[in-house]
Amino acid sequence: MAEAAVIFVLERVADVLAEIHFPKDVRPEIQRLRDELKRMQCFLKDADAKQESDLQVRNWVSDVRNLAYDAEDLIDTHILKIESFKYKKRNFLYRYASTLKARTKIGKDLAAIRTRISDIAISHEAYGIRSIGDGTSHAIANERLLKLRRTTPRGQDKDIVGLEEDIATLVARLVLEDQWRAISIVGMGGIGKTTCAKEVYNHGDVQTFFDCRAWVYVSQQFRTRDILQSIIKQVATRTKDMTKLLEEELEEMLYKLLQGRRYLVVLDDIWSTTAFDSLAKAFPSDGSGNKLLLTTRNNNVALHADAQSLPHELRFRSQEDSWKLLCRKAFTESIDRVCPPQLEEIGQEIVVKCSGLPLAIIVVGGDAFKEKMAE
Ligand SMILES: Nc1ncnc2c1ncn2[C@@H]1O[C@H](COP(=O)(O)OP(=O)(O)O)[C@@H](O)[C@H]1O
Ligand SMILES: [Mg+2]
């Protein structure tokens, strides 16, 4: 049952592929890709039963799971572009969506995923299951994705709509609770977890309350060493060359640096309980007021990190906020950022379509409107 979520994601990937209007020459390849995804789904259902006993099957399942989540990320990112294909009757949106530019971008990202799917399929010989190698093409694609998504707490967004209550609640939890806590912001990709965490991290009360703060982007492809080093650099006044240190030594170094100081460390986009466990030992859990702030899509990670701390679930934006966000992102040229009356109707339609997901509103709505304004 553990893989039900992965099966769901694979289904979604297959559906989305079916919706995109690919150029004729790549269509057979896309069809093969969809067939491959279907086979993976069938195999996953079986694998679930076998997993406990067979390490190789377990590794394979883990490869597919990572792939599925990356594919989901890709779809999250392109959700607006894909959504806009549904507006075929609307002339300008259709033209926008079917421009070569949009297709090329989706195509390029898909290519990375496609390579990995065939890597996985080949390396396991139609799921005959041999040992899992870390294919290099796969590693390069990962590296690129990681760079694209890496976050820092700087560059605050001036166009934020409606997170005031979430921010106030989280700031209060960080500065008012005396005990060590791992507080998590949870929700699907693109809903605004990182945005919210940034606001909290930079809030005046938070800056005053903690002696030291650090922000790290964890992601799926994290390396424990890199994360520990990054935190050390942020909390130490001077650092030596750390390249020769063992992971355990880095862990101890960080532990000592944090001991006796009131610290806040943000672990942005953490995916698994294993990832949390690989870092947890470096954080002293005594002392007054020390906190970890996590952002994650996975509620289990939140509860695993701290079972006593209620995960803070982000909600979808209201219609009103969605509209505000669309106008702020789309009409950057006009001083008052007001929607011209002739675009009101289509704008409202976009807002409904995006179901309150900020990432979708920005990518689909913002771009589509800008295109229209430029005409
Ligand atoms: N409340 C909001 N107001 C304005 N923009 C937002 C809001 N929430 C998210 N965004 C924007 O949506 C995109 C995705 O948000 P992000 O915080 O990265 O989501 P997550 O971390 O949950 O995947 C970003 O471009 C961000 O600036
Ligand atoms: Mg994020």
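Each ligand, and each atom within it, is numbered from 1 in the order the structure gives.
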Per-atom contacts, ligand 1 versus [X] - under 4.0 Å to a heavy atom:
| X | result |
| --- | --- |
| T195 | 9 (C), 10 (N), 15 (O), 16 (P), 17 (O), 26 (C), 27 (O) |
| D159 | 3 (N), 4 (C) |
| P358 | 6 (C), 7 (C), 8 (N), 9 (C), 10 (N), 12 (O) |

*With a 4.0 Å heavy-atom cut-off (strictly under), which part of L163 contacts ligand 1: side chain, backbone, both or neither?*
side chain

*Among all residues two or more places apart in sequence or in another chain, which pass the side chain to side chain contact (heavy atoms under 4.5 Å, CB included) test with E313?*
V186

*Kindly check if the number of other-residue, nucleotide or ligand heavy atoms within 6.0 Å of CD (E320) is above 12?*
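Incorrect, the count does not exceed 12.
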
*Has T195 got an N/O/S atom less than 2.8 Å from the Mg ion (ligand 2)?*
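Within the cut-off used here (under 2.8 Å), T195 places no N, O or S atom near the Mg ion (ligand 2).
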
*Non-hydrogen atom of M188 closer than 4.0 Å to ligand 1*: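 So M188 counts as touching ligand 1.
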
*Would you call L325 a ligand 1 contact, heavy-atom distance under 4.0 Å?*
yes

*asked:* Counting only nitrogen or oxygen atoms and a 3.5 angstrom limit, does R297 reach ligand 1?
replied: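 No, no N or O pair falls under 3.5 Å.
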
*Just jot down the side chain to side chain donor-acceptor pair (under 3.5 Å) partners of Y201, sequence neighbours excluded, or say none.*
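Partners of Y201 under the side chain to side chain donor-acceptor pair (under 3.5 Å) test: none.
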
*Does R262 make a cation-pi contact with F209, if we ask for NZ or CZ under 6.0 Å from the ring centre and within 45° of the axis?*
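Checked: cation-pi criterion met.
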
_Candidates D277, T274, T296 - the one meeting side-chain hydrogen bond (donor to acceptor under 3.5 Å, both in side chains) with H304_ =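 That would be D277.
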
*Using only heavy-atom distances, determine whether the side chains of D269 and T295 contain a donor-acceptor pair under 3.5 Å.*
no

